[in-house]
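Just so you know, these numbers use all the heavy atoms, side chains as well, and skip hydrogens, waters and symmetry mates.
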There are 2 protein chains.
Amino acid sequence: MNAPHFSTRQRILDSAEALFARHGFAGASLRQVTAAASVNLAAVNYHFGSKENLINEVFRRRLDELTTQRLQALAAVQARPDHGLDDVLDAFVRPALVLVPDEHGGAGFVRVLARAYAEHNEQLRKFMHDNYGPALRQFASAFAKLLPDLDKQELYWRLDIVSGALTYAMADFGMIKRRGISEQQHRDLAAEHLIKFAAAGLRAR
Amino acid sequence: MNAPHFSTRQRILDSAEALFARHGFAGASLRQVTAAASVNLAAVNYHFGSKENLINEVFRRRLDELTTQRLQALAAVQARPDHGLDDVLDAFVRPALVLVPDEHGGAGFVRVLARAYAEHNEQLRKFMHDNYGPALRQFASAFAKLLPDLDKQELYWRLDIVSGALTYAMADFGMIKRRGISEQQHRDLAAEHLIKFAAAGLRAR
DNA sequence: GTATGCTTCAAACGCCCGTTTGAGCGTGCG
DNA sequence: CGCACGCTCAAACGGGCGTTTGAAGCATAC
């Protein structure tokens with residue numbers, strides 16, 4: 001499944017991400033993960049200490065990447081003096097598209113992220129809040145500048161709504177089947193619609 | 001945990017719903033469920049056949065209720081000739097608030113629903129599509145009448161976004177902590193903000 | 001060449017899982 | 001009464017779980 005020239009550690013992370021996405025954290029066993037990674041069972045505990053810790057590492061790896069890219073995109077947008085709501089939303093949404101697909105048609109990390117929300121695990125939530133929060137606050141202030149009449153509490157509610165819609169749209173949870181398009185196409189379209197929708201939603205009076 | 005005068009069947013369903021919400025379908029064991037319900041372990045297989053089937057029954061019970069209430073509310077709204085977008089959205093969102101809380105602070109069925117989305121299980125999805133789909137189509141046509149200029153594909157995308165945001169908001173997945181309010185208050189507020197946001201999003205051009 | 005330290009390996013640990021079994025229970029009908 | 005039926009129960013089934021162990025491999029440094 002994984003090319004043998006990648007490190008054991010990395011192959012475990014890749015397989016774990018794909019299997020957690022498909023079967024959930026409790027539903028995917030270390031035996032499945034290590035088999036998919038062509039790695040000995042004990043390697044997980046050797047490299048990560050425990051399953052719990054492996055889950056955290058799966059997150060850290062991608063969230064760091066996601067946050068970095070978002071903030072980069074935001075900085076680029078804010079450098080342009082005429083930037084609008086759509087641009088900031090794009091900086092928020094677009095990076096989530098990139099780190100998405102795994103090699104075998106799964107939705108990869110975005111779906112893991114959705115799992116994590118659903119888990120409602122306090123530890124995971126704190127971890128996400130710590131790593132996510134500062135970046136989110138930067139976006140909030142970028143939005144606040146573009147929506148000077150919007151109450152701060154109101155803005156935070158709406159950003160939460162955008163995050164939720166983003167997560168669900170990216171993970172392709174919708175009830176409506178859209179035939180003949182790839183997962184990647186689906187997510188591009190979803191991003192497009194989401195940005196338009198969210199821009200109007202944020203401007204609501 | 002459950003009053004003893006309820007039937008074994010019902011106590012199992014209640015406990016299962018709460019535990020599936022908290023720990024997921026794979027994460028909550030039948031031993032936990034039956035212990036919480038003060039019921040013999042074998043009772044699950046006696047009354048439901050299998051764990052898989054228990055999960056389905058947990059859904060059927062609430063989804064039937066939810067769909068019925070939504071369609072009732074929609075009918076009431078459509079009876080008024082001057083109804084607007086907010087009213088239809090209210091009919092869609094409000095019933096989700098009602099069937100929410102379990103007795104011990106958990107978020108109950110709404111969180112189970114969010115789990116189901118995250119599971120991405122084909123069988124569950126088909127089940128939801130079959131039971132959900134017709135009602136969703138009724139709402140779609142109610143929205144379409146109020147948004148005559150909106151392309152049909154576009155509308156479906158936006159309704160998917162609304163569903164995602166609704167699920168996410170109801171299950172209280174947000175990153176932002178809001179102190180000093182109960183789960184119920186949180187959901188009332190979430191519904192209010194969601195409706196305002198979604199109405200504007202649906203009207204986006 | 002041998003000692004060192006990181007990594008991999010097969011095997012085993014005890015535990016919990018979903019499910020099945022067959023005996024036991026109470027109720028109500030013939 | 002007796003017997004059938006719906007339900008509950010404790011116990012056991014095989015199997016999969018996360019984790020631990022100690023030996024084996026294999027480079028690098030001395």
request  = Salt-bridge test for A:Arg158 and A:Glu154: reply yes if a basic N is under 4.0 Å from a carboxylate O, no otherwise.
outcome  =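 Counted as a salt bridge, because a side-chain N and a carboxylate O are separated by less than 4.0 Å.
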request  = Using a strict 4.0 Å threshold on nitrogen-to-oxygen distance, state whether B:Arg61 and B:Asp14 make a salt bridge.
outcome  =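 Yes.
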Euclidean distance, atom [atom1] of residue [X] to atom [atom2] of [N] [Å, nearest integer]:
X: A:Glu52; N: D:dC17; atom1: CD; atom2: P; result: 18 Å
X: B:Ile12; N: C:dT19; atom1: CD1; atom2: P; result: 13 Å
X: A:Arg11; N: C:dT7; atom1: CZ; atom2: P; result: 14 Å
X: A:Ile55; N: D:dT19; atom1: CD1; atom2: C1'; result: 15 Å
X: A:Asn53; N: D:dT19; atom1: CG; atom2: C1'; result: 14 Å

Between atom [atom1] of [X] and atom [atom2] of [Y], what is the distance when rounded to the nearest 0.5 Å?
X: B:Leu89; Y: B:Ile195; atom1: CG; atom2: CD1; result: 6.5 Å
X: A:Leu146; Y: A:Ser141; atom1: CG; atom2: OG; result: 9.5 Å
X: B:Tyr168; Y: A:Ile161; atom1: OH; atom2: CD1; result: 10.0 Å
X: A:Arg9; Y: A:Leu54; atom1: CZ; atom2: CG; result: 9.0 Å

ask   = Of all residues at least two apart in sequence or in a different chain, which pass the side chain to side chain donor-acceptor pair (under 3.5 Å) check with A:Arg31?
value =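 Scan of A:Arg31 (side chain to side chain donor-acceptor pair (under 3.5 Å), adjacent residues dropped) gives none.
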N/O contacts under 3.5 Å, protein versus nucleotides 24-27 of chain C?
none

query = B:Ala42 near the nucleic acid: base, sugar-phosphate alone, or nothing, with a heavy-atom cut-off under 4.0 Å?
reply =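 Result for B:Ala42 = base.
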key: Aromatic plane relationship, A:Phe197 with B:Phe197 - under 30° parallel, 30 to 60° tilted, over 60° perpendicular   =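 Taking A:Phe197 first and then B:Phe197, their aromatic rings sit tilted (interplane angle of 30° to 60°).
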request  = Return no unless some side-chain N or O of A:Asn40 is found under 4.0 Å from OP1 or OP2 of C:dT7.
outcome  =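 Answer is no, no contact under 4.0 Å.
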Give a yes or no on whether the backbone of [Y] and the side-chain of [X] come within a donor-acceptor separation of less than 3.5 Å.
X: B:Gln10; Y: B:Ser7; value: no
X: B:Arg62; Y: B:Phe109; value: no
X: A:Asn45; Y: A:Ala42; value: no
X: A:His23; Y: A:Leu19; value: no

Extract from the structure each pairing of a protein N or O with an N or O of nucleotides 4-7 of chain D at less than 3.5 Å, listing the distance.
| unit_1 | atom_1 | unit_2 | atom_2 | d |
| --- | --- | --- | --- | --- |
| D:dC7 | OP2 | B:Tyr46 | OH | 3.4 |

What pairs of nitrogen or oxygen atoms, one from the protein and one from nucleotides 15-18 of chain C, lie under 3.5 Å apart?
| unit_1 | atom_1 | unit_2 | atom_2 | d |
| --- | --- | --- | --- | --- |
| C:dC17 | OP1 | B:Ser29 | OG | 2.7 |
| C:dG18 | OP1 | B:Lys51 | NZ | 2.7 |
| C:dG18 | OP2 | B:Leu30 | N | 2.8 |
| C:dG18 | N7 | B:Arg31 | NH1 | 2.6 |
| C:dG18 | O6 | B:Arg31 | NH2 | 2.7 |

message = For DNA chain D, please output the secondary structure as dot-bracket, reading 5' to 3'. Pairs are Watson-Crick or G-U wobble, both atom distances under 3.5 Å; mark crossing pairs with [ ], other-strand partners with |, unpaired with a dot.
response = ||||||||||||||||||||||||||||||
task = Could you pull out all residues at least two apart from A:Asp130 that satisfy salt bridge (charged side-chain N to carboxylate O under 4.0 Å, His left out)?
result =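 Here the qualifying residues are A:Lys126.
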